[in-house]
Amino acid sequence: MITIVSHDAGGAEILSNYVLQNKDEYNYILEGPAVSIFEKLLGKLERISLNQISKKTNLILTGTSWQSDIEKVAISIAKQKKIKVVSFLDHWVNYRQRFELNGKLELPDEIWVGDEDAFFLAQEIFPKNIVRLKDNPYFLSLKSFFSFFVAKEKSDEEYRILFICENISDHAKKSFQNERYWGYTETDAIQYFFENLPKLDIKSTKFTFRPHPSDPKDKYQWVIEKYSAYEIKISNELSLFEQIANSDLVVGCESMALVIAMLANKTVVSCIPPSGKKLELPQSKILEMRNL
């Protein structure tokens with residue numbers, strides 16, 4: 001019996017595809033964005049709570065989150081009950097903070113990473129003997145999808161930009177009590193993008209802004225109003241990878257979606273403004289607008 005524990009979207013994408021690709025008996029402890037992500041891929045699921053983890057569980061497999069401590073608490077419970085616990089990292093930044101609970105580092109028995117960049121980064125931070133390089137189940141599914149997906153037709157003059165929204169200010173406020181901890185907010189990044197759009201030398205453009213799963217409704221309505229000269233829509237009706245497949249250029253700050261777009265052979269740009277932090281995504285194919 002494997003118990004899956006997940007909250008944030010990135011980890012949920014990896015773990016739900018892990019379940020799809022690895023037949024076993026599973027329990028699910030899901031909260032937040034993870035609920036809809038799992039059920040979209042696997043159908044309606046019966047969920048349990050942390051205090052229902054039973055002795056039948058021989059492995060607890062978690063994601064990592066900044067919006068919730070549920071995975072960290074699960075690691076602590078697993079240690080108390082002497083159940084093997086593994087966490088699958090879904091990103092390339094803030095590794096240590098993903099395992100800090102009440103000022104203490106709560107490490108699992110193993111940390112799995114899904115690519116070599118993450119493997120080397122994790123080995124610099126955590127004990128090398130607990131870091132394991134595994135196939136990334138989400139990336140495997142995406143590569144298969146992109147190889148068969150036929151993008152929507154467009155006119156020769158049309159250029160489609162997908163902007164991946166990130167809840168930067170909330171993340172910084174929750175983690176550091178300062179929404180500008182990283183030197184910028186999502187609003188700053190969007191404004192910087194439009195101010196520097198001429199650098200991309202693009203004409204006849206359609207923009208789609210994809211809200212983050214944790215964003216409140218209508219958060220980005222101001223973008224349509226402020227930049228009314230452009231054809232802009234706010235939408236996450238299609239799946240992330242359908243939106244990526246239908247785009248020519250994918251823009252964001254340092255979302256994992258930028259790496260996914262790179263896997264789909266799209267042009268990818270990070271628009272962290274000059275006042276902001278260093279881009280920590282290690283993939284060299286991601287362009288930085290501030291360096292163009």
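Keep in mind that what you see is a predicted model, and the values were worked out from it rather than measured. The figures here come from the full heavy-atom set of this structure, side chains too, leaving out hydrogens, waters and symmetry mates.
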Value rounded to 0.5 Å, distance of CG in N196 from CD in Q191:
12.0 Å
Would a 4.5 Å heavy-atom cut-off, applied to side chains only, mark K104 and L101 as touching?
no
How about F194 and Y230: are their ring centroids closer than 6.0 Å?
yes
Which heavy-atom pair separates P211 from C165 by the least distance, and what is that distance?
CA-CB, 4.0 Å
Keeping T57 on the side-chain end and I53 on the backbone end, is there a donor-acceptor pair under 3.5 Å?
no
Taking a hydrophobic cluster as the set of Ile, Leu, Val, Met, Phe, Trp and Tyr residues connected by side-chain heavy atoms closer than 4.5 Å, whether directly or through intermediates, do F88 and V85 fall within one such cluster?
yes
Within a 6.0 Å radius of atom CG on N94, are there more than 12 heavy atoms belonging to other residues, nucleotides or ligands?
yes
Locate the shortest heavy-atom distance separating P137 from I14; write the atom from each residue and the value.
CB-O, 3.7 Å
Only one of I130, D109, L59 passes side-chain contact (heavy atoms from CB on, under 4.5 Å) with V86; say which it is.
L59
Is there a donor-acceptor pair closer than 3.5 Å between any side-chain N or O of D188 and the backbone N or O of T185?
yes
Looking only at heavy atoms, the pair that brings E186 and N167 closest together is OE2-OD1, 3.6 Å
Please, which pairs that meet ring pair (Phe, Tyr, Trp, His ring centres under 6.0 Å) have at least one residue in residues 236-255, sequence neighbours excluded?
F145-F241
Check the hydrophobic clustering (I, L, V, M, F, W, Y; side-chain heavy atoms under 4.5 Å; chains of links allowed) and say if I202 and F209 are grouped together.
yes
Residue pairs involving residues 162-177 (criterion salt bridge (Lys or Arg N to Asp or Glu O under 4.0 Å); sequence neighbours excluded):
none
Test item: side-chain donor near acceptor, S87 and T64, under 3.5 Å
no
Should we say atom CG of N102 is surrounded by more than 12 heavy atoms from elsewhere, each under 6.0 Å from it?
no
Between I29 and R47, is the side-chain contact (heavy atoms from CB on, under 4.5 Å) condition met? List the steps.
CA-CA 6 Å; I29 301 173; R47 290 180 278 147; over 6 Å; no
Consider only side-chain N and O atoms of S49 and Q52, and report whether a donor and an acceptor are under 3.5 Å apart.
yes
How far apart are the closest heavy atoms of N246 and R160, and which atoms are they?
O-NE, 2.8 Å
Other residues, nucleotides and ligands only: do more than 12 of their heavy atoms fall within 6.0 Å of CG on N178?
yes
Identify, with sequence neighbours excluded, every residue that meets side-chain hydrogen bond (donor to acceptor under 3.5 Å, both in side chains) alongside Q80.
S76
Out of F193, Y192, F207, which residue meets the ring-ring contact (aromatic ring centres under 6.0 Å, His included) rule with F163?
F193
Answer whether the closest heavy-atom distance between the side chains of L162 and L249 falls below 4.5 Å.
no
Single-linkage hydrophobic cluster, 4.5 Å side-chain cutoff, L142 and L20 together:
yes
Say whether W66 and F176 are linked into one hydrophobic cluster, either directly or through other cluster members, by side-chain heavy-atom distances under 4.5 angstrom.
no
Side chains of S235 and Q243: closer than 4.5 Å at any heavy-atom pair?
yes
State whether the number of non-hydrogen atoms from other residues, nucleotides or ligands found under 6.0 Å of Y227 atom OH is greater than 12.
yes
Is a donor on one side and an acceptor on the other found under 3.5 Å between the side chain of E242 and the backbone of S239?
yes
Measure the spacing between CD1 of I60 and CD of E71 and express it to the nearest 0.5 Å.
12.0 Å
May I have all residue pairs that pass salt bridge (Lys or Arg N to Asp or Glu O under 4.0 Å) and include part of residues 84-96, sequence neighbours excluded?
K84-E110, D90-R98, R96-E100
Report yes if some heavy atom in the side chain of D248 is under 4.5 Å from a heavy atom in the side chain of T267; otherwise report no.
no
Please check if atom NZ in K233 has more than 12 non-hydrogen atoms from other residues, nucleotides or ligands closer than 6.0 Å.
no
S255 side chain to G252 backbone, donor-acceptor under 3.5 Å
no
Between D218 and Q221, is there a donor-acceptor pair closer than 3.5 Å when you use the side chain of the first and the backbone of the second?
no
With no hydrogens and no angle check, is any side-chain donor or acceptor of E39 less than 3.5 Å from a backbone partner on L45?
yes
Minimum heavy-atom distance M1-N27, with the two atoms named:
SD-ND2, 3.5 Å
Heavy-atom distance under 4.5 Å between the side chains of N17 and F139, does that happen here?
no
Trace of the side-chain contact (heavy atoms from CB on, under 4.5 Å) decision for Y26 with T3:
CA-CA 6 Å; Y26 293 94; T3 296; over 6 Å; no
Kindly give the heavy-atom pair with the smallest separation between K266 and I244, and that separation in Å.
CE-O, 3.2 Å
Check the pair L61, V5 against side-chain contact (heavy atoms from CB on, under 4.5 Å), reporting the backbone distance first and the verdict last.
CA-CA 6 Å; L61 182 56; V5 185; over 6 Å; no
Please say yes or no: joined through hydrophobic side-chain contacts below 4.5 Å, possibly via intermediate residues, are W112 and L105 part of one cluster?
yes
Can you tell me if Q21 uses its side chain to pair, donor with acceptor, with the backbone of Y138 under 3.5 Å?
no
Roughly how far, to the nearest 0.5 Å, is the CZ atom of F119 from the NZ atom of K134?
11.0 Å
Nearest 0.5 angstrom please: M256 CE to W92 CH2, how far?
6.0 Å
Exam field: side chain H212 to backbone I164, donor-acceptor pair closer than 3.5 Å:
no
Interatomic spacing from CD1 in I161 to OG1 in T205 - rounded to 0.5 Å
5.0 Å
Can you find a heavy atom in the side chain of I75 that is under 4.5 Å from one in the side chain of L107?
no
Pairwise distance OH(Y28) to CG(L42) - rounded to 0.5 angstrom:
5.5 Å
Tell me the salt bridge (Lys or Arg N to Asp or Glu O under 4.0 Å) pairs involving residues 7-34, sequence neighbours left out?
none
Side-chain heavy atoms of L50 within contact of V73, under 4.5 Å
yes
All pairs passing salt bridge (Lys or Arg N to Asp or Glu O under 4.0 Å) where residues 279-291 contributes a residue, at least two apart
K277-E280, E288-R290
K72 vs T62 side-chain heavy atoms within contact, under 4.5 Å
no
Exam field: side chain S16 to backbone I37, donor-acceptor pair closer than 3.5 Å
no
Chi angles and distances behind the ring pair (Phe, Tyr, Trp, His ring centres under 6.0 Å) call for F99, F126
CA-CA 11 Å; F99 297 101; F126 305 117; 5.4 Å; yes
Decide yes or no on salt bridge (Lys or Arg N to Asp or Glu O under 4.0 Å) for E231 and K206, but give the supporting numbers first.
CA-CA 5 Å; E231 187 175 347; K206 287 188 174 182; 3.8 Å; yes
Examine distances only and state if a side-chain atom of S147 and a backbone atom of S144 form a donor-acceptor pair shorter than 3.5 Å.
yes
